[in-house]
Amino acid sequence: MSSTAAPARKPVTLHRLREMHAQGEKITMLTAYDATFARLVDDAGVDSILVGDSLGMTVQGHTSTVPVSLDDMVYHTRCVARGNRTAWVIGDLPFGSYQESREQALRSSIALMQAGAHMVKLEGGGWTAETVHFLTERGVPVCAHLGLTPQSVHALGGYRIQGRDEAGATTLRRHARELADAGAAMMVLELMPSGVAREVQADNPGLMTIGIGAGQGTAGQVLVLHDMLNLTRGKLPRFVRDFTAEGGSAEEAVRRYVAAVKDGSFPDESIHGY
Ligand code: KIV
């Protein structure tokens, strides 16, 4: 891997992401777990890399994200940070690394940020607002995550769409408001009706909502890299598009994803929406 050529763009900062959001430019995000893919995704112009605990499935071969440890996340965040040059890097706090106390969450966040993350992500609403406040007050930018929260797969009874009924949608909106008020700058909205995601964004205009299976009304989109590069075996969720279908290199596929999110042609709610 060559590391001598100058990066083509300035590093993406939180300030720059907020500017993009204020100007109505869609934010692009993909997962990456190693230096090679981090470089590729960065070179292809993705705004933000999520070192997701989805690596439990894509890299480690587990059937859920539950077994992923903080040490695993620190290792992969380091790998990504070495390959990346300009994208905004988000490190996922894995299951068990933030639920115990605000202090535990801070210790785990520091480990991820010292490994190279610019922001941490944690799942769930309600009790997490206090943790988000504690972290943001101490200089840790936070991305929240509502809707389908894969670390709670056993509590949720499977990978199901969330917020489908009135009560569920109301709870999602309340949790989103509490997390935004607590200081979350960004929020992944996973697997929920597009109308609910739109309402969350409208309720919290300054919040950068990033959708995955949540329709077009969010400030940006994220996909698992292995899914959109057609590397995942088995049945993919309906919200995924195979960006390799037109051929070419992996980098070209990622460039197509960036272009499609920026021009609003992905996701197409009639195919990829709920
Ligand atoms: O871990 C992950 O990759 C994620 C995305 C699916 C948003 O949380």
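Sequence positions, counted from 1, serve as the residue numbers for this chain. Note that this is a predicted model, so its numbers are computed, not measured. Counting starts at 1 for both ligands and their atoms, following the listed order.
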Exercise. Are Arg241 and Tyr257 in a cation-pi setup, meaning NZ or CZ lies under 6.0 angstrom from the ring centre and within 45 degrees of the ring axis?
Worked result: no
Exercise. Does the separation of the ring centres of Tyr33 and His226 fall below 6.0 angstrom?
Worked result: yes
Problem set entry | Residue Glu251 excluded, over 12 heavy atoms near CD under 6.0 Å | yes
Exercise. Does the side chain of Lys121 reach to within under 4.5 Å of the side chain of Val188, using non-hydrogen atoms?
Worked result: yes
Show the short N or O contacts, below 3.5 Å, that ligand 1 makes with protein N or O atoms; if there are none, say 'none'.
| unit_1 | atom_1 | unit_2 | atom_2 | d |
| --- | --- | --- | --- | --- |
| ligand 1 | 1 (O) | Asp53 | N | 3.2 |
| ligand 1 | 1 (O) | Asp53 | OD1 | 3.0 |
| ligand 1 | 1 (O) | Ser54 | N | 3.0 |
| ligand 1 | 1 (O) | Ser54 | OG | 3.4 |
| ligand 1 | 1 (O) | Asp92 | OD2 | 3.1 |
| ligand 1 | 3 (O) | Ser54 | OG | 2.5 |
| ligand 1 | 8 (O) | Lys121 | NZ | 3.0 |

Exercise. Is Gln23 atom CD crowded by more than 12 heavy atoms from other residues, nucleotides or ligands, each under 6.0 Å away?
Worked result: yes
Exercise. What is the minimum heavy-atom distance between Asn204 and Ala180, and which atoms define it?
Worked result: OD1-CB, 3.6 Å
